[in-house]
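Note on naming: letters A, B, ... go to the chains in the order of the sequence lines (proteins, then strands), and numbering restarts at 1 for each one. No hydrogens, no waters, no symmetry mates; every other heavy atom, side chains included, goes into these values. Because the structure is predicted, anything quoted here is derived from the model rather than measured.
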There are 2 protein chains.
Amino acid sequence: MQSGPDHLMPIAAVERETGLPKDTLRVWERRYGFPQPDRDASGDRLYPEAQVAQLRVVKRLMDRGLRPGRLLKLDAAALQALAEEGAGEAPPRSALHDLALFLLKTHQAAELRRELTQVLMRDGVKRFVLDTVAPLTVQVGDAWTRGELQVYEEHLLTEVLQAVLRQAIAQLGASAGPPRILMTTLPDERHGLGLLMAEAMATLEGAQCVSLGTQTPLRDIVAAAIAQKADVVALSISANASAAQVGESVRLLRAQLPGAVALWCGGAGAARLKRAAKGIQALGGLDQVSAALDRWRAQHVAARG
Amino acid sequence: MQSGPDHLMPIAAVERETGLPKDTLRVWERRYGFPQPDRDASGDRLYPEAQVAQLRVVKRLMDRGLRPGRLLKLDAAALQALAEEGAGEAPPRSALHDLALFLLKTHQAAELRRELTQVLMRDGVKRFVLDTVAPLTVQVGDAWTRGELQVYEEHLLTEVLQAVLRQAIAQLGASAGPPRILMTTLPDERHGLGLLMAEAMATLEGAQCVSLGTQTPLRDIVAAAIAQKADVVALSISANASAAQVGESVRLLRAQLPGAVALWCGGAGAARLKRAAKGIQALGGLDQVSAALDRWRAQHVAARG
DNA sequence: GATTGCATATTGTCCTAGACAAAATGTTGA
DNA sequence: TCAACATTTTGTCTAGGACAATATGCAATC
């Protein structure tokens, strides 16, 4: 992050940095009076770092379901208070997390990977996912909100974590039994880390996972579910996706999948699904994967036995 | 890819699909009369698949350095001819490539990875990179141009290839000696595959590579080069990046790096660097990594001896 | 009380047409 | 052959309006 209290960014940079489209930034300025960037000699917007920081907080709160109409009337202090209030349980900040963030900022990807692999070996897959990976992603999200982390540094961490998790999954895969779970995300979802964590948890519990990766078109999900004779289709839904779009997609998917195939949704975005329609099961967290599997097996043994 | 001869896409979808910003699409229509999309009831643009296909070809040719002013006057046939002419050596289409594309389209990532790893074991790292990975990326680029591959499918292949290459590099790393090479990309470069191929080649030749991953800010490259006591800084530059931006960045980097540190540039974008300024060495292809290393070692032994 | 239906408010994205600075190209002179 | 300058090309930005999709508030019903 460039320092200097009066560091100014053009609108395209703000779009990259915050993920808010240029059109949206302009219309917010017109409607709500915020952000209110400076202008250069030819009238182009130049956003002070402070406003960009506030926009990051706004983005974060919107991902939790709050709406811009309210947020953009608040000043920086009120916004900050709201963010901290809603943050829920203070994330346990460990020495490992600090080390990871440091390695990330100094681009020592290989070192970071080695460190994480070591933790994985020491704690085992389950504890690694629940106590290290999941909190780390939260920490990194917070660090991004505070402007301490570049977007590409977040990408780098994601890459490293994915590599470590894949390696872990590959070493588990041998003893796989039912149910067969088809894991993927919806077409506009680009976050694959949650998916991978879920895959690790499920594989650990002895399920047989087949991952299609991210951004699979609905028709392909359906086709693969049938071709692979999946018992369960599991979707990972991040906080980014618009609730409406997701709801529609999930409903459509449920309609097109064979009735016998269960549909599980996890991730921050899954919590925002209205009342989960029948035939759609929302998992509140990674720790519920195990319970969901137990339930499925109980029902299935009963049905078959 | 949705079929149907009259499949229509809104402008946002075209942006996603082609990588051409909405603003650019609109100004091209105003200036050159192409593309000329249909309109829906409320006047919003709807692009027929044929025009999107042509836009993909235009994008491809622009990455080779051609300018839109010329390209957009041509009709589909002329454009196609130009594309095939410039394509140079026909890429050797092997059975493996067809298999890889098939596995990609059916989302069988794990299977694909297994297949590629097998080829890697059979052929060795050098032949794997030169004969399999590099041609495969070309094939995939072509397939994208023809609209046969979704963007996310390209991402998926990239991920798989990166995983396989990383694994290969990790197993080579033991016997590393001079020169120490710091490998990375410029800040706006998001393609990391070329970097990884280069790293594999260099590691294979006994060099000691330290990778910073993609999108490293200039200051961080300089800082890392000094901290790591690098002999060489190697940049991977894809066809996407604007030649001017790249030129400026490279010049700046050269100025800030210690004089004793060599600066190597590779990738399709490196070829477009004007006359390479003194102190900047452009590598024309992956097969030149080995020669560049030999040269460096010869000079360095001579200087020291 | 919980759910459904409908009116209202909010919100993101798209539109037009103009402007301008940065980059590429062409031209001139050493 | 190279540098300096003029011209054209090109991408990105601006303003203010519009509209459809979504969320919210409220009434009516099971």
Side-chain angles (χ1 to χ4, degrees), chain A residues 8-16 18-32 34 36-47 55 58-59 61-73 188 240-249 251 272-275 277-278, chain B residues 8-16 18-32 34 37-47 55 58-59 61-62 64-73 188 240-249 251 272-275 277-278:
Chain A
L8 299 175
M9 301 171 86
I11 194 169
V14 178
E15 176 178 42
R16 242 186 301 126
T18 65
L20 297 165
K22 294 191 264 266
D23 269 332
T24 300
L25 290 170
R26 284 193 275 255
V27 88
W28 281 2
E29 181 180 344
R30 202 197 314 166
R31 286 193 187 138
Y32 313 112
F34 182 87
Q36 203 147 38
D38 300 344
R39 303 292 179 133
D40 71 2
S42 33
D44 289 9
R45 274 163 253 255
L46 287 178
Y47 293 80
L55 285 170
V58 168
K59 178 80 191 315
L61 288 169
M62 282 177 61
D63 284 344
R64 283 199 209 133
L66 299 182
R67 304 180 64 186
R70 294 178 178 181
L71 298 173
L72 293 174
K73 284 174 196 153
D188 356 73
N240 284 333
S242 84
Q245 189 108 354
V246 167
E248 180 57 23
S249 296
R251 211 171 313 134
R272 289 211 319 252
L273 280 173
K274 307 259 160 183
R275 55 252 124 103
K278 53 189 172 184
Chain B
L8 299 174
M9 301 171 85
I11 194 170
V14 178
E15 176 178 41
R16 242 186 300 126
T18 64
L20 297 165
K22 294 190 262 269
D23 270 333
T24 301
L25 290 170
R26 283 193 276 255
V27 88
W28 280 3
E29 180 180 343
R30 204 196 313 167
R31 287 195 186 133
Y32 312 112
F34 181 87
D38 301 343
R39 302 291 180 133
D40 70 3
S42 33
D44 289 10
R45 274 163 254 255
L46 287 177
Y47 294 80
L55 285 170
V58 168
K59 178 80 191 314
L61 289 169
M62 283 178 60
R64 282 199 210 134
L66 299 183
R67 303 180 64 188
R70 294 180 179 181
L71 298 173
L72 293 174
K73 284 174 196 153
D188 2 68
N240 284 334
S242 84
Q245 189 107 356
V246 167
E248 180 58 22
S249 295
R251 209 170 315 132
R272 291 211 317 251
L273 280 172
K274 306 259 158 187
R275 55 254 122 107
K278 53 188 172 185

Nearest heavy-atom contact between A:G69 and A:K73 is O-CE, 3.5 Å
Heavy-atom nearest pair, A:P10 first then A:L8, reads CD-O, 4.1 Å
Rounded to the nearest 0.5 Å, what's the gap from [atom1] on [X] to [atom2] on [Y]? Could you check?
| X | Y | atom1 | atom2 | answer |
| --- | --- | --- | --- | --- |
| B:L66 | B:L61 | CG | CG | 5.5 Å |
| B:E29 | B:I11 | CD | CD1 | 8.0 Å |
| B:D23 | B:W28 | CG | CH2 | 12.5 Å |
| A:R16 | B:D188 | CZ | CG | 7.0 Å |

Identify all pairs in which a protein N or O lies below 3.5 Å from an N or O of nucleotides 5-8 of chain D, and state each distance.
none

Could I get the full list of side-chain contact (heavy atoms from CB on, under 4.5 Å) partners for B:A12, not counting sequence neighbours?
B:K22
Could you list the protein-to-nucleotides 12-14 of chain D atom pairs, N/O on both sides, closer than 3.5 Å?
{"unit_1": "D:dT12", "atom_1": "OP2", "unit_2": "B:T24", "atom_2": "OG1", "d": "3.2"}
{"unit_1": "D:dC13", "atom_1": "OP2", "unit_2": "A:K22", "atom_2": "NZ", "d": "3.3"}
{"unit_1": "D:dT14", "atom_1": "OP1", "unit_2": "A:R45", "atom_2": "N", "d": "2.6"}
{"unit_1": "D:dT14", "atom_1": "OP1", "unit_2": "A:R45", "atom_2": "NE", "d": "2.9"}
{"unit_1": "D:dT14", "atom_1": "OP2", "unit_2": "A:R26", "atom_2": "NH1", "d": "2.5"}
{"unit_1": "D:dT14", "atom_1": "OP2", "unit_2": "A:R45", "atom_2": "NE", "d": "3.3"}

Are B:L25 and B:L55 side-chain neighbours, meaning at least one heavy-atom pair lies under 4.5 Å?
yes
Measuring only between side-chain heavy atoms, which start at C-beta, is A:R39 closer than 4.5 Å to A:R45?
yes
Can you check the [X] [atom1] to [N] [atom2] distance for me, whole Å?
| X | N | atom1 | atom2 | result |
| --- | --- | --- | --- | --- |
| A:R70 | C:dA9 | CZ | P | 16 Å |
| A:D63 | C:dG12 | CG | P | 12 Å |
| B:D38 | C:dC15 | CG | C1' | 16 Å |
| A:L25 | C:dT11 | CG | P | 15 Å |
| A:R251 | D:dT22 | CZ | P | 10 Å |
| B:L66 | D:dT9 | CG | P | 16 Å |
| B:M62 | C:dA24 | CE | P | 11 Å |
| B:L72 | D:dG11 | CG | C1' | 13 Å |

Using side-chain hydrogen bond (donor to acceptor under 3.5 Å, both in side chains) as the criterion, list what pairs up with B:R30, not counting sequence neighbours.
none
By side-chain hydrogen bond (donor to acceptor under 3.5 Å, both in side chains), B:K59 pairs with (sequence neighbours left out) none
Quantified as the angle between the terminal helix axes (five pairs each), what is the overall bend of the helix from C:dT10-D:dA21 to C:dA30-D:dT1 to 10 degrees?
30°
When you measure from the side-chain N and O atoms of B:Y32 to the phosphate of D:dT10, is any distance below 4.0 Å, counting only OP1 and OP2?
yes
Taking the nucleotide of DNA chain C with the nearest heavy atom to each, does A:G69 or B:E29 sit closer to the 5' end?
A:G69
